[in-house]
Amino acid sequence: MNYWLMKSEPQTYSISDLDRDRTTIWDGVRNYQARNYLRQMQVGDLAFFYHSNATPPGIVGLMRVVTPEVIDPTQFDSSSPYYDPKSDSHSPRWYTVKVEFVKVFPRFISLPTLKQKFSPEELGVVKQGNRLSVMPVTEAIAQRILALAQ
DNA sequence: GCCAACGTTGGC
DNA sequence: GCCAACGTTGGC
């Protein structure tokens with residue numbers, strides 16, 4: 001079982017939206033490094049839900065991978081902002097996962113707190129200028145985040 | 001709203 | 001293959 005961190009702007013899709021929907025396809029990731037991490041995800045992996053572009057940004061809850069290797073349907077939808085005309089349906093370019101809601105943390109962990117508790121090497125999201133929307137989190141760091149969230 | 005960081009595109 | 005131009009992300 002692996003841990004991950006996944007970003008979403010709450011104005012686009014928040015943890016409350018996931019709580020309401022129970023599951024969602026994490027669509028719209030159009031960065032190869034993030035896509036490669038998505039393809040490494042396995043059933044049962046846990047992911048921290050991070051609100052980006054929020055005031056303040058930070059980790060708000062937890063979700064679980066229920067379906068790996070999902071072909072992102074928005075790449076073939078010409079009405080979607082995530083439409084990719086260069087993606088071939090016989091060899092899709094963009095893969096993602098389906099996730100389910102696990103919980104909203106009792107304590108929100110803001111970015112300033114994350115920066116105080118973790119070095120950029122320990123947790124990529126605290127790196128300045130970091131733009132990766134999906135990243136791995138080690139077991140040890142995940143346990144420390146879970147403890148802070150209680 | 002600003003702007004630094006940084007990934008992508010496309011001309012050469 | 002280089003790299004300038006450009007577009008996007010995301011903190012502040």
Side-chain angles (χ1 to χ4, degrees), chain A residues 2-21 23-41 45-65 68-138 140-142 144-149:
Chain A
N2 305 296
Y3 287 95
W4 306 92
L5 181 145
M6 295 161 80
K7 296 180 187 171
S8 180
E9 300 192 12
Q11 50 200 346
T12 304
Y13 196 83
S14 71
I15 189 95
S16 312
D17 294 321
L18 182 59
D19 190 2
R20 176 198 62 215
D21 297 342
T23 66
T24 193
I25 290 174
W26 201 265
D27 60 17
V29 173
R30 295 293 179 270
N31 169 283
Y32 288 103
Q33 199 181 344
R35 191 270 322 257
N36 293 344
Y37 284 135
L38 285 165
R39 294 198 75 171
Q40 291 174 25
M41 292 184 184
D45 283 2
L46 293 172
F48 295 103
F49 196 129
Y50 179 92
H51 279 175
S52 59
N53 256 316
T55 48
I59 292 174
V60 290
L62 195 66
M63 53 196 165
R64 182 184 293 112
V65 175
E69 291 284 303
V70 173
I71 294 168
D72 185 337
T74 60
Q75 68 196 301
F76 303 122
D77 176 0
S78 60
S79 69
S80 167
Y82 306 123
Y83 177 57
D84 183 355
K86 292 180 189 163
S87 184
D88 170 9
S89 60
H90 298 292
S91 168
R93 184 178 290 195
W94 304 111
Y95 281 80
T96 186
V97 293
K98 185 187 250 188
V99 292
E100 69 177 359
F101 176 83
V102 175
K103 64 158 100 174
V104 174
F105 287 137
R107 291 180 194 274
F108 166 71
I109 314 173
S110 72
L111 181 59
T113 300
L114 290 169
K115 282 181 170 168
Q116 192 188 324
K117 302 282 183 185
F118 301 101
S119 70
E121 292 71 33
E122 289 175 319
L123 188 65
V125 79
V126 308
K127 252 182 241 159
Q128 190 202 356
N130 164 64
R131 293 171 52 187
L132 193 60
S133 65
V134 178
M135 65 191 78
V137 177
T138 66
I141 299 302
R144 286 171 58 194
I145 294 171
L146 289 167
L148 285 171

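Each chain gets a letter, A, B and so on, in the order its sequence line appears, and its residues count up from 1.
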Round to the nearest Å and state the distance from [X] atom [atom1] to [N] atom [atom2].
| X | N | atom1 | atom2 | value |
| --- | --- | --- | --- | --- |
| A/D84 | C/dT8 | CG | P | 14 Å |
| A/N53 | B/dG1 | CG | C1' | 12 Å |
| A/W94 | B/dT8 | CH2 | C1' | 10 Å |
| A/L114 | C/dG11 | CG | P | 11 Å |
| A/E9 | C/dG11 | CD | C1' | 11 Å |

**Request:** Give me the ring orientation class for A/Y13 and A/F49: parallel if the planes are under 30° apart, tilted from 30 to 60°, perpendicular past 60°.
**Result:**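 Plane angle under 30°, so parallel.
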
**Asked** So, A/N53 versus A/E9: side-chain donor-acceptor pair below 3.5 Å or not?
**Response** yes

**Listed once per pair and sorted, the salt bridge (Lys or Arg N to Asp or Glu O under 4.0 Å) pairs that draw on residues 31-41 of chain A, sequence neighbours left out** = A/R39-A/E69

**Request:** May I ask you to test the A/Y37-A/W4 pair for a side-chain heavy-atom distance under 4.5 Å?
**Result:** yes

**Request:** State, to 0.1 Å, how close A/A149 and A/P106 come at their nearest heavy-atom pair, and which atoms those are.
**Result:**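 What the structure gives for the nearest pair is O-CD, 3.2 Å.
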
**Prompt:** Counting just side-chain N and O atoms, does A/K7 come under 4.0 Å of either OP1 or OP2 of C/dT9?
**Reply:**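 Checking C/dT9 against A/K7, no side-chain N or O comes under 4.0 Å of OP1 or OP2.
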
List every contact pair, protein side and nucleotides 3-7 of chain B side both N or O, where the distance is under 3.5 Å.
unit_1 : atom_1 : unit_2 : atom_2 : d
B/dA5  : N3     : A/R131 : NH1    : 3.4
B/dC6  : O4'    : A/R131 : NH1    : 3.3
B/dC6  : O2     : A/R131 : NH1    : 2.0

**Request:** Please round to the nearest 0.5 Å and tell me the distance separating atom CD1 of A/I15 and atom CZ of A/F101.
**Result:**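 A/I15 CD1 to A/F101 CZ: 5.5 Å, rounded to 0.5 Å.
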
**Request:** Name the closest nucleotide to the A/K115 side chain, picking from C/dC12, C/dG10, B/dG10.
**Result:** C/dC12

**Message:** Can you tell me which nucleotide in B/dG10, C/dG11, C/dG10 comes closest to the side chain of A/K86?
**Reply:** B/dG10

